[in-house]
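Below, chain A is the first sequence line, B the second, and so on; all start at residue 1. These values consider heavy atoms only, across backbone and side chains, with no hydrogens, waters or symmetry-generated copies.
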2 protein chains.
Amino acid sequence: MNIGEIARRAGVSRSTVSYVLSGKRAVSATTRQRIQAVIDELGYRPNASARALKEGRTRTLGLVIPPANQRLTDMQLGFVASVVEAAARHDLDVLLSPSGGDHDRSFERIVTGRRVDGVVLMEIRLTDDRVTRLATAGVPFVTIGRTAEPHGMSWIDVDYAALISRCVHHLADLGHRQVALVNRSAELVAAGYGPSHRALAGFRAATAERGLTGIDVCCGDDTASGEAGMTQLLATHPQVTAVATINEAALPGMQRALHAAGLSVPGDFSVTGVAAQHWAEDFRPPLTAADVPTRDMGAEAVSLLLELIATPGGTPRHRLYAPPISLRESTGPARTR
Amino acid sequence: MNIGEIARRAGVSRSTVSYVLSGKRAVSATTRQRIQAVIDELGYRPNASARALKEGRTRTLGLVIPPANQRLTDMQLGFVASVVEAAARHDLDVLLSPSGGDHDRSFERIVTGRRVDGVVLMEIRLTDDRVTRLATAGVPFVTIGRTAEPHGMSWIDVDYAALISRCVHHLADLGHRQVALVNRSAELVAAGYGPSHRALAGFRAATAERGLTGIDVCCGDDTASGEAGMTQLLATHPQVTAVATINEAALPGMQRALHAAGLSVPGDFSVTGVAAQHWAEDFRPPLTAADVPTRDMGAEAVSLLLELIATPGGTPRHRLYAPPISLRESTGPARTR
DNA sequence: TTGTATGCGTTATCAC
DNA sequence: GTGATAACGCATACAA
C-alpha cells in the first residue's frame, strides 16, 4: 500500500495525492474528495522511512535514559512520562536509548544513524562523554541536568544547591544546630552526578553561613539503604536533630529508622528535602519539601529541543527550576534528643 | 555524509563500500582496509531511513505503554525496562507509544506508518481495540497480558487466577475462614482489565472450593487508597483475618491501616498476594507473595515477537507465568480478631 | 574482485 | 489544476 496505489485507484498522479496529504498546493474539491475517499477506504498513511529519507527529518525524538538494569527513580520516570507526553502533543515519536555504559551501541545508533531529529539526554554527569559526542556529531540536544560547564548548550535543571540551601535555612530558623544531608549513593557521587555535588555544595555553604554543624552521608536509592543509613546516622551523630535529603526512594526507610529509634517527626526530629510530590505526600507526617515539577520540566525540555531543531544557528537556552518548599508537617522546632 | 562520499574518498564504487559494511561479498583486504579507514575517520554510519526504506524493515520495535498522564506501576516499569533491554541486546531500538485513549495518533502512526517491525502491547483489556487494529493491519505483535479470546495470537501473561488461588489455599491451610481480595481500581475492573478479572475468578473459585467466606474490594493504586481501603475493610468485615492482593502500590497504605488498627502481621492478620519483589521485600514483615518475574517476561515478549517477525506464517506462541509463592513472614495461623 | 544500474516510497520542482 | 520526473541514501541483481 503506497502513494502510487492510491493515485492509481483515484485516477490521478502521485503528486496530486501527495499534495492532498500535505495541502501545499491547491487541489480541486472534487478530486480532493475522490482521493480522500480512497485514502480513508484503504487506511493509507505515508511510509515513515520514505518520508524521512526525502524530507531529511524523522519526526522522532531520542530519549536517552539510564541503563535499563537499574530501576528508574520516580523523578526519572516523571521526566520520561512528560517528555513522551509532550512529544506526542507535537505528533512526534520517541525513541528510547538506555545508555550509560562506555561503549553503547544504542546511543551510537541514535547519534550517528540519523534516526532522530534531536535528543533529550537524562541523568548526565558533571563531565559527560555523551554530551561531547552529540555536540561534535551536530545533533541538536537538550539535557535534563547539566554538566560542570554548560555554556553554549540547552538544558534544564533543578537548582539543588538553592533548594537544599533553603532547607538548611528553614531548619536553622527552627533552631536546629546540627543537621545532616542524606545524599544519593556513593557510586553516583563518585561518578560526578551533578545533583549530588550541587546539593552538597549548597548544604555546605548554607550550614557555614548559619554556623551549623553539617554532616553529609551517602545512601542507596531504596528503602533498606534509607533505614540502614538513618539508623547509623542516629547512632554516630546523636546531636543531629534534622536531615535534608535529595534521596526520595530512601524516605520510607528513613521513616522506619526514626520510628524504630523512638523518634517522632517533627516533635523529636525534622525531615525535609527535595522529592517528587508523591513521596512527600506519602511520608508520615507529610513531608515539608520542594516538589520537583517533573511534568513541566519534560515539556520544557521538548520545547527547547524543538526550538533548537527549528533554528540550528539559534542561541541555546536553559532554565533552572527552584520550586518553592511546600510547608507540610515534617519540620518543627529543634529539641535536643 | 553518505555512502557516496565514502566511496569517493576511498576511490571505489558505492557498492563496494556497502559490501564492506555488510560483508555479503568478498572484498580484497587492501581495499577493505582503505575503505574502513575512511569510514572510521569520518565516523560514517548508514542512514537509518534509507536503509529501512530499502530493506523494508526498520530495526525498531514499538512498545505501547499506558497513557503518560498516569504513573506507571512498578510492574509496568519492570516490563518497559526489560523489553528495552532485550531489544538493545538484539541491536533493536524501541519506539514508545503512550496509548490508551480511543483515538490515538501515536498508536496510529505506529500501526500504519511502517515505523516499526513489530509491537509489544502492554496493559491490554479483555476486549481491546488495539489488538484487532494491529491484527487487521498485519503488524506482528505480542501482548503482555491477554484478551478474553487470545487464540491465534502471541502473548505472555501472569496467571493471576492460579496465583491468587494458591494464596487462598495457603490462607485456608493456616485456618483462615474469612479472607478478602484487594483488587486494583474500580475503573480498571470496569474497563475489563484482565488481571483483575482473572484474579477475582481465581479468588472466587478457591474460596468456594475451601468453603471460605470471600470478600473482594477494589482499591486505587496508591498508598492513600490502600490505607483507606484497608481501614474500611477492617471496619465493615471484622471477621476477616487475611487478605490477598494484586495491588502492590496499595501495600504501604494497607500496612499503615493495619498498624493504626493495632493489628500485628502475621500475629493478628495475614497478608499475601502478587507483587514485584521490591514491594514484597519492603513490606514489614516481608511479604509472602508471588514475585512476578518482569525481567524474564519482557525478554520473552521480545523473543516471541522476533520469532513472529522472522516467520510471518509461523504459529503464534504464548507463555503463562505462575511463579512460586515466596514464603516470607507476613502470613501465619488465623487468630480471631 | 569490482563497478553499474535499479528501485524502495516519498516530496518537490518543473512543465503543461 | 494537474502530471511527469528527479532526487533522498541505500542494498543488491546483474555485468564485467
In whole angstrom, what separates E5(A)'s CD from dC8(C)'s P? 13 Å
Please report, rounded to the nearest Å, how far the P atom of dT11(C) is from the CD1 atom of I6(A). 12 Å
Between dT2(C) atom P and R34(B) atom CZ, what is the distance in whole Å? 8 Å
Quick one: which of dG1(D), dT2(D), dT1(C) gets closest to the side chain of V27(A)? dT2(D)
Hey, what do you get for CD1 (I35(A)) to OH (Y19(A)), rounding to the nearest 0.5 Å? 12.5 Å
Which residues in residues 12-22 of chain B have a heavy atom closer than 4.0 Å to any atom of DNA chain C? V12(B), S13(B), R14(B), S15(B), T16(B)
Under 4.0 angstrom between K54(A) side-chain N/O and dA12(C) OP1 or OP2: no
Nearest-nucleotide 5' precedence on DNA chain C, T30(B) against L53(B): T30(B)
Whole-Å distance, R32(B) CZ to dT2(C) P, equals 9 Å
Please check the phosphate of dG9(C) (OP1 and OP2 only) for any side-chain N or O of R51(A) closer than 4.0 Å. no
Spatial distance of atom CG (D74(A)) from atom OG1 (T294(A)) [nearest 0.5 Å]: 9.0 Å
Ion pair D104(B)/R130(B), N-O distance below 4.0 Å: no
Separation between CG of D93(B) and CG of L95(A), rounded to the nearest 0.5 Å: 4.5 Å
Residue pairs passing the salt bridge (charged side-chain N to carboxylate O under 4.0 Å, His left out) test where at least one lies in residues 37-55 of chain B, sequence neighbours excluded: E55(B)-R57(B), E55(B)-R59(B)
Among dG9(C), dT2(D), dC10(D), the nucleotide that comes nearest once only the side chain of N47(B) is considered: dC10(D)
Going by an N to O cut-off under 4.0 Å, is there a salt bridge joining E108(A) and R105(A)? no
Rounding to an integer number of Å, can you tell me how far I3(A) CD1 sits from dT5(D) P? 17 Å
Taking only N and O in the side chain of K24(A), is any of them less than 4.0 Å away from OP1 or OP2 of dT11(C)? no
Do any side-chain nitrogens or oxygens of N2(A) fall under 4.0 Å of OP1 or OP2 in dG9(C)? yes
Could you state the CZ-P distance from R8(A) to dT10(C), rounded to the nearest angstrom? 15 Å
Rounded to the nearest angstrom, tell me the gap between atom CD1 in I35(B) and atom P in dA11(D). 13 Å
Distance-only donor-acceptor check, side chains S49(B) and S49(A), under 3.5 Å: no
With nearest nucleotides of DNA chain D determined for A50(A) and R25(A) from heavy-atom distances, which residue corresponds to the more 5′ nucleotide? R25(A)
Tell me whether the side-chain N/O atoms of Y44(B) come closer than 4.0 Å to OP1 or OP2 in dG9(D). no
